[in-house]
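Below: the structure, in structure tokens.
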Amino acid sequence: MAKEITSRSENYSQWYNDIVKKADLAENSAVRGCMIIKPYGYAIWERMRDQLDKMFKETGHVNAYFPLFVPKSLFEAEEKNAEGFAKECAIVTHYRLKNDPSGHGKLMVDPEAKLEEELVVRPTSEAIIWHTYKDWIQSYRDLPILINQWANVVRWEMRTRPFLRTAEFLWQEGHTAHASKDEAIEEAKKMHDVYATFAEEYMAMPVIKGFKSENERFAGADDTFTIEALMQDGKALQAGTSHFLGQNFARAFDVKFSNAQNEYEYVWATSWGVSTRLVGGLIMTHSDDDGLVLPPKLAPIHVIIVPIPKPDDVILQKAQEIADALRALGISVQIDKDENKRPGFKFAEYEMKGIPVRIGIGLRDLQNNVVEVARRDTKEKMSVPLDGIDVFIQNLLEDIQQNLFNRALKYRDEHITRVDTYEEFKMVLEEKGGFLSCHWDGTAETEELIKQETKATIRCIPLRQEMEEGQCIYSGKPSKGRVIFAKAY
RNA sequence: CGGGGCAUAGCGCAGUCCGGUUAGCGCACUUGGUUUGGGACCAAGGGGUCGUAGGUUCGAAUCCUACUGCCCCGACCA
């Protein structure tokens, strides 16, 4: 059998690239750092988007759309935020091209068409949105505003990787405005919970919920809540963040409201987002050396039916019956009627694409009133009676979803290591990787030194943990609880 | 922005050192046939301004110069 995917042990990065390519998820484009998301990859994103959108609506949010371009003067209003993104902004400076007099049929930027004010291509939309909210908010009766937008953003990255880090990416960004600090914090936490639930229940990707250290916090936030997942190579992936923005943007954009006592107050804010990066996380959480592995809840196709040998009438009719029965249960099914490819080729191909369940139907099976069912997560094959096949598959899909989560959780838990000395820290980081749970003195200096010396960063300060007196692994100073370090994507 | 590599058919490559008929191989593609329970086989086909521009030469994919693009590794980052 021709191996088309580099094994994880041989070269993890190459394995990841191979999966993206061979599973037909995305490809590089003519634009540096920007990828083309192909139909199958986009279908996965659509399923993520649809589910998240539903969860946002259920928590009271509505969708809207704000412009791609942000005037520089607005962008720079909230200084910390602007500074945080300044180094990776694309800027529009002109609005017209003209024929290049020195070249044949070539175009050049028309120097006459310089914009009076440059436009920043949004790396995030707080600025344009808070500029707008100023007009929308007068009274506490106008609050809260609970808006989400699905959009593309641009961050001019030095080095990019499909899905994990691209110059342009798709995401959603929630931007809410509140009359009180408590309500805003509650909102940020609520969306943090939504992300964690989505990651675990739909992506089958276990996450650690926590908040960021000051160094790692979103520029312009008072607090950043994060979900952190662990990839199979022992590196952490920040999978979603929810920010309590305090009154920083309200002050920067002068957004005040009259409270019930008719006094002016600055509005309290949150923002929260997840991106196409989640697709990268999904790949690296479950997939194996044979290709992509998808959890049923996000798989565009749940079941592929492969007729064996060549599709003939009897087999196709049976395949159609099974497909109809499965579809009646809300399961998405495709029958592969291609006569030019052999079954073995199809098996390998569908495994590469991570389709959770494959049903093979041959004449021999039909004589015995069974079909062959193969599950992608364990590669297990079984002979299953036709009678009740629909319910069997339905249960199997649930089982696969659960199994993927359990498997990822076991791996994750086995790779959270409690360490109490810096020597141990460096050793575990080097030899085992994963999350390191240890004491830290709470200072940015220590965090920075550890980062410089080991490349590990504080992924989060976990929300759920017992308070425990200890000593910082680096400085030996007292600490009241453990934080999670890791090398990160 | 530093350091390394690559550019020849849709994709992956050989040929370049040491210039010489008509530039080759695998996969993919087209047509016909035999096949089909884990990546089938046979036969016949189509497809190239050898990254761009200039130079050396009787003659350049091959030598020289400049340019452009892409990939990998670092610094930076979700």
Side-chain angles (χ1 to χ4, degrees), chain A residues 1-5 11 13-14 17-18 21-22 27-34 83-89 103 106 123-124 153-173 195 212 215-219 221 224 226-229 235-243 271-281 290-291 306-312 315 336-352 358-368 370-374 379 381 383 451-452 455 457 459-460 487-489:
Chain A
M1 189 178 10
K3 275 281 174 196
E4 302 201 17
I5 296 172
N11 183 341
S13 299
Q14 193 54 49
N17 291 337
D18 286 351
K21 190 172 169 186
K22 299 291 180 186
E27 63 185 38
N28 286 330
S29 72
V31 190
R32 200 185 105 94
C34 296
E83 203 186 305
F85 286 108
K87 285 173 293 179
E88 45 188 357
C89 286
K106 293 276 168 37
T124 180
V153 286
V154 169
R155 296 181 188 174
W156 213 263
E157 299 289 349
M158 305 276 187
R159 286 190 64 190
T160 60
R161 303 193 61 191
F163 294 109
L164 295 172
R165 175 168 293 108
T166 47
E168 179 194 17
F169 57 92
L170 306 183
W171 76 343
Q172 57 69 217
E173 43 182 327
Y195 289 156
K212 289 289 189 185
N215 269 349
E216 297 283 325
R217 195 179 287 163
F218 176 71
T224 289
T226 180
I227 54 172
E228 298 285 327
K235 286 168 82 174
L237 183 78
Q238 177 175 306
T241 48
S242 179
H243 316 290
S271 69
W272 28 274
V274 295
S275 72
T276 35
R277 174 178 246 204
L278 288 179
V279 177
D290 293 319
V306 180
I308 302 161
K310 180 152 81 179
D312 75 3
I315 289 173
D336 187 336
K337 296 179 182 173
D338 190 338
E339 296 188 15
N340 293 315
K341 290 178 184 141
R342 293 159 64 98
F345 181 86
K346 295 178 179 179
F347 293 172
E349 196 162 72
Y350 292 122
E351 275 158 17
M352 212 121 72
R358 182 184 76 235
I359 298 178
I361 310 177
L363 291 169
R364 212 160 66 206
D365 296 315
L366 290 189
Q367 282 164 14
N368 299 322
V370 296
V371 289
E372 182 189 77
V373 173
K379 307 287 295 287
K381 286 194 277 198
S383 198
K451 181 180 176 181
Q452 278 172 18
K455 302 217 163 138
T457 49
R459 300 323 303 152
C460 71
K487 286 187 188 169
Y489 273 98

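Each chain gets a letter, A, B and so on, in the order the sequences are listed, and its residues count up from 1.
Here A:F218 lies out of heavy-atom contact (under 4.0 Å) with every strand. Across all strands shown, A:T166 has heavy atoms under 4.0 Å from base atoms, whether or not it also approaches the sugar-phosphate. At the heavy-atom level, A:Q14 lies nowhere under 4.0 Å from the strands shown. A:R358 comes within 4.0 angstrom of a nucleotide base, judged by non-hydrogen atoms across all strands. Within 4.0 Å (heavy atoms only), A:Q238 reaches sugar-phosphate atoms of the nucleic acid but no base atom. Contacts of A:L363 with the nucleic acid, taken as non-hydrogen atoms under 4.0 Å apart, include base atoms.
For B:A75, one of the phosphate oxygens OP1 or OP2 lies less than 4.0 angstrom from a side-chain nitrogen or oxygen of A:K455.
The nearest pair of heavy atoms linking A:G291 to A:I5 is CA-CD1, 3.5 Å. Taking both residues in full, the closest heavy atoms of A:A488 and A:T457 are given as CB-OG1, 4.3 Å, listed atom of the first, atom of the second, then distance.
Separation of the C1' atoms belonging to B:C77 and B:U65 is 39 Å when rounded to the nearest angstrom. For the P atom pair drawn from B:C41 and B:U36, the interatomic distance equals 14 Å after rounding to whole Å. Taking atom C1' in both B:A61 and B:A23, the straight-line distance is 8 Å, to the nearest Å. Straight-line distance between the P atoms of B:U68 and B:C58: roughly 32 Å, to the nearest whole Å. Comparing B:G47 with B:A28, their C1' atoms are spaced 12 Å from each other, to the whole Å. A gap of 15 Å separates the P atoms of B:A7 and B:C50, to the nearest Å. Annotation: B:G37 and B:G32 have their C1' atoms spaced 27 Å apart (nearest Å). Comparing the C1' positions of B:C27 and B:C67 gives an interatomic distance of 33 Å, to the nearest angstrom.
For A:K381 against B:G38, a side-chain-to-base donor-acceptor contact under 3.5 Å is present.
At whole-Å resolution of the value, NZ in A:K22 and P in B:G12 are 10 Å apart. For the pair A:R161 CZ and B:C70 P, the computed distance is 19 Å after rounding to whole Å. In this structure, A:W156 places its CH2 atom 14 Å from P of B:C1, rounding to the nearest Å. As rounded to whole Å, 12 Å separates atom P of B:A75 from atom CE of A:M158. Atom CZ of A:R217 is separated from atom C1' of B:C77 by 18 Å (rounded to the nearest Å). Atom CG in A:N17 sits about 11 Å away from atom P in B:C71, given to the nearest Å. A:L366 has its CG atom 13 Å from the C1' atom of B:G37, to the nearest Å. If you measure from atom NZ of A:K21 to atom C1' of B:C27, you get 12 Å, rounded to the nearest angstrom.
Ion pairing between a basic and an acidic side chain is recognised when a charged N comes within 4.0 Å of a carboxylate O; A:R155 and A:E88 show no such pairing. Note on A:K341 versus A:D336: no salt bridge recorded, every NZ/NE/NH1/NH2 to OD/OE distance being 4.0 Å or above. Electrostatic pairing of A:E216 and A:R459 counts as a salt bridge here, judged by a charged N lying under 4.0 Å from a carboxylate O. Salt bridge status for A:D18 with A:K21: absent, with no side-chain N to carboxylate O gap under 4.0 Å. Note on A:E157 versus A:R32: no salt bridge recorded, every NZ/NE/NH1/NH2 to OD/OE distance being 4.0 Å or above.
In a base pair of the Watson-Crick type (N1 to N3 plus N6-O4 or O6-N4) or a G-U wobble (N1-O2 and O6-N3), with each distance short of 3.5 Å, B:A53 is matched with B:U65. Nucleotide B:C76 forms no Watson-Crick or G-U wobble pair with any nucleotide shown, as no partner meets the under 3.5 Å limit on both distances. Nucleotide B:C70 forms a pair with B:G5, judged by Watson-Crick or G-U wobble geometry with both contacts under 3.5 Å. The base-pairing partner of B:C17, taking Watson-Crick or G-U wobble contacts with both distances under 3.5 Å, does not exist among the strands shown. Summarising the base pairing, B:U30 is matched to B:A44 through a Watson-Crick or G-U wobble pair whose two defining distances lie under 3.5 Å. Using N1 to N3 plus N6-O4 or O6-N4 for Watson-Crick, or N1-O2 and O6-N3 for G-U wobble, each under 3.5 Å, B:G39 pairs with nothing. Nucleotide B:G59: unpaired (no Watson-Crick or G-U wobble partner with both distances less than 3.5 Å).
The ring-ring contact (aromatic ring centres under 6.0 Å, His included) test applied to A:F85 returns A:F218, not counting sequence neighbours. Taking A:E351 as the reference, A:R358 meet the side chain to side chain donor-acceptor pair (under 3.5 Å) condition, with sequence neighbours excluded.
Comparing A:A374 and A:R459 against RNA chain B, the residue whose closest nucleotide sits nearer the 5' end is A:A374. When each of A:R364 and A:A488 is assigned the nucleotide of RNA chain B with its nearest heavy atom, A:R364 is the one assigned upstream, toward the 5' end.
For A:M352, the listed nucleotide lying nearest its side chain is B:G39; candidates were B:G39, B:A78, B:C76. Closest to the A:R165 side chain, of the nucleotides B:G38, B:G39, B:C77, is B:C77. Checked against B:A78, B:G39, B:C76, the side chain of A:R277 finds its nearest nucleotide in B:A78. Comparing atom distances between the A:I308 side chain and each of B:G39, B:C77, B:G37 picks out B:G37 as nearest. The side chain of A:S275 approaches B:A78 more closely than any other nucleotide in the set B:A78, B:G37, B:C77.
Taking a 6.0 Å sphere around CD of A:Q14, one finds it holds more than 12 heavy atoms contributed by other residues, nucleotides or ligands.
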- When you look at A:R161 and A:S13, which way does the side-chain contact (heavy atoms from CB on, under 4.5 Å) test go after all the steps? CA-CA 9 Å; A:R161 303 193 61 191; A:S13 299; 3.8 Å; yes
Would you list the protein and nucleotides 40-45 of chain B atom pairs, both N or O, that sit under 3.5 Å from each other?
from, atom 1, to, atom 2, distance (Å)
B:A40, OP2, A:R342, NE, 2.9
B:A40, O4', A:R342, NE, 3.1
B:A40, N9, A:R342, NH1, 3.4

